[in-house]
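What follows is a short report on a single structure.
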Amino acid sequence: MRRPHLPARLPLDPYVLALLATVGLAALLPARGPAATVAGWAATGAVALLFFLYGSRLSTREALDGVRHWRLHLTVLTCTFLLFPLLGVAARLLVPTVLTPPLYSGLLFLCLVPSTIQSSIAFTSMARGNVPAAICAGSFSSLAGIFLTPLLAAGLLGGRAGGFSPDSLLKIVLQLLLPFLLGQALRRWTGGFLTRHRAVLGHVDRGSILLVVYTAFSAGMVAGIWHQVGIRRLGALLVVEAVLLALMLLTTWYGARRLGFGRADRIAIQFAGSKKSLAAGLPMASVLFGAQASLAVLPLMLFHQMQLMVCAVLARRRAADPEHPEHPELAGDRVAEVSQPSQHPVSRAR
């Protein structure tokens, strides 16, 4: 039996370290009183800015060009917004023996957010898969998530995520949908500016999300909700998430084979259909959960780092597979596209 080829260094995402440092700052110096009000307004503006940039970066032409591969994209969307949520609903059986209700709400929310783009593309390229398909699949997932994630959260989480109240729907429209549509409408004029300043705007992206995390965890500290989480519960959550990731990796790979996809397409389906976006999920959680957002995003933060480490090992194994890809030109000739974050709604760190 061939031993798995492990990378020399597993990828500990520097952005995850920055997120953990932000959580530590919120634990030591949470925003209170007037400072919390100012931080809340700043976080609201940061979320709107993020989704404006997402809309400005999403290439409509690239998305339309990928429609011809509709079976692959439909498969990824089904995994992201149907199979993942079904597994999340099934995990309700683990409450309260394994997971507390707040942790379960966060786990279920994790199952509702869209797929990643940049890391899915990078791993698909590393594994010699269909990179253009991964680009389009990730873009479609992010676009669908603007609409589907709030609706699924409202339907499956109910009052824990604001429900269908007029106030929650207004927040979704004003903070998520309207800025995104405005970014798409202005992309013709903003595209060049975003391309020239993509490095600086990447820092703006990450800084905005760190502000959202600080505000959410500060509210959690002030409300005293962290006594609900102990080491034992965190360990149980990690085990549950490891099982969830393993199920999705196996289902996307062998399910795509049963559907008749070639090896290069199966690689794109596996990496795009088994992963979840930290960048999209964090600001959405701040809108949908309010003061409870700190516990809601904890499972997503842990899953993000887990998927990076596992997929790095898996991509190396796929690249070393003696089976030749059916369309090698799809993997090798398009690697350069991975390093162009201006085309994708998330930065490389996410």
Side-chain angles (χ1 to χ4, degrees), residues 2-7 11 58-84 114-145 245-277 307-341 343-346 348 350:
R2 186 181 58 189
R3 294 182 179 180
H5 179 68
L6 297 177
L58 181 61
S59 172
T60 306
R61 180 182 59 83
E62 184 179 80
L64 292 176
D65 288 344
V67 170
R68 63 180 181 271
H69 212 351
W70 63 271
R71 287 184 66 247
L72 184 147
H73 305 315
L74 183 60
T75 301
V76 172
L77 291 175
T78 300
C79 293
T80 302
F81 295 112
L82 180 59
L83 184 54
F84 253 117
S115 177
T116 62
I117 298 181
Q118 195 65 38
S119 57
S120 294
I121 298 167
F123 288 133
T124 299
S125 174
M126 185 189 303
R128 300 185 299 167
N130 190 335
V131 176
I135 293 173
C136 294
S139 299
F140 288 154
S141 180
S142 293
L143 179 60
L245 179 59
L247 286 174
M248 290 305 303
L249 287 171
L250 290 172
T251 301
T252 50
W253 182 252
Y254 291 105
R257 174 180 290 176
R258 288 293 300 271
L259 291 174
F261 287 100
R263 182 180 182 278
D265 288 344
R266 295 200 305 270
I267 290 173
I269 290 171
Q270 183 175 53
F271 288 122
S274 64
K275 300 167 88 256
K276 291 294 183 176
S277 172
Q307 71 186 11
L308 288 181
M309 296 174 68
V310 173
C311 289
V313 175
L314 188 59
R316 294 291 182 89
R317 293 194 64 186
R318 294 275 181 259
D321 196 322
E323 178 186 359
H324 294 291
E326 289 87 345
H327 303 290
E329 71 277 1
L330 295 178
D333 294 343
R334 300 296 299 274
V335 173
E337 297 184 36
V338 179
S339 61
Q340 299 181 18
Q343 297 179 358
H344 316 301
V346 293
R348 177 171 300 188
R350 282 154 273 163

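Along the sequence shown, the residues carry numbers beginning at 1.
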Could you grab the distance from atom CG of L74 to atom CG of L259, nearest 0.5 Å is fine? 9.5 Å
Is it the case that the side chain of S120 and the backbone of F271 share a donor-acceptor pair, with hydrogens and angles ignored and the cut-off at 3.5 Å? yes
Apply side-chain contact (heavy atoms from CB on, under 4.5 Å) to the pair I121 and V131, showing each step before the final yes or no. CA-CA 6 Å; I121 298 167; V131 176; 3.9 Å; yes
Apply side-chain contact (heavy atoms from CB on, under 4.5 Å) to the pair W253 and R318, showing each step before the final yes or no. CA-CA 11 Å; W253 182 252; R318 294 275 181 259; 3.5 Å; yes
Please report the closest heavy-atom contact between L77 and S141, naming both atoms and the distance. CD2-CA, 3.8 Å
Option from L250, L249, T251 for which side chain to side chain contact (heavy atoms under 4.5 Å, CB included) with Q270 holds: L249
Which value, rounded to the nearest 0.5 Å, describes the distance between L247 atom CG and T252 atom OG1? 10.5 Å
Would you sort out whether L314 and F123 count as a side-chain contact (heavy atoms from CB on, under 4.5 Å), showing the intermediate values? CA-CA 9 Å; L314 188 59; F123 288 133; over 6 Å; no
Between S277 and S115, what is the shortest heavy-atom contact and its length? CB-O, 3.5 Å
Between the main-chain N or O of K276 and the side-chain N or O of Q307, is there a donor-acceptor pair closer than 3.5 Å? yes
Spacing of CD1 belonging to I269 relative to CZ belonging to R257, to within rounding of 0.5 Å: 12.5 Å
Run the side-chain contact (heavy atoms from CB on, under 4.5 Å) test on C136 and H69 for me, step by step, so that the C-alpha distance in whole Å, both residues' side-chain angles and the decisive distance to 0.1 Å come before the verdict. CA-CA 9 Å; C136 294; H69 212 351; over 6 Å; no
If we only count heavy atoms from C-beta on, is the F140 to V76 side-chain gap below 4.5 Å? no
Please report the interatomic distance CH2(W70) to OG1(T75), rounded to the nearest 0.5 Å. 8.5 Å
Nearest non-hydrogen partners of A133 and L72, listed with the distance: CB-CD1, 3.9 Å
Locate the shortest heavy-atom distance separating I117 from S142; write the atom from each residue and the value. CD1-OG, 3.3 Å
Identify the heavy atoms of A319 and R128 that sit nearest to each other, and give their distance. O-NH2, 3.3 Å
Taking all atoms of both residues into account, what is the closest heavy-atom pair of A312 and M126, and its distance? O-SD, 4.3 Å
Say you draw a straight line from CD1 of I135 to CG of N130; how long is it, rounded to the nearest 0.5 Å? 9.0 Å
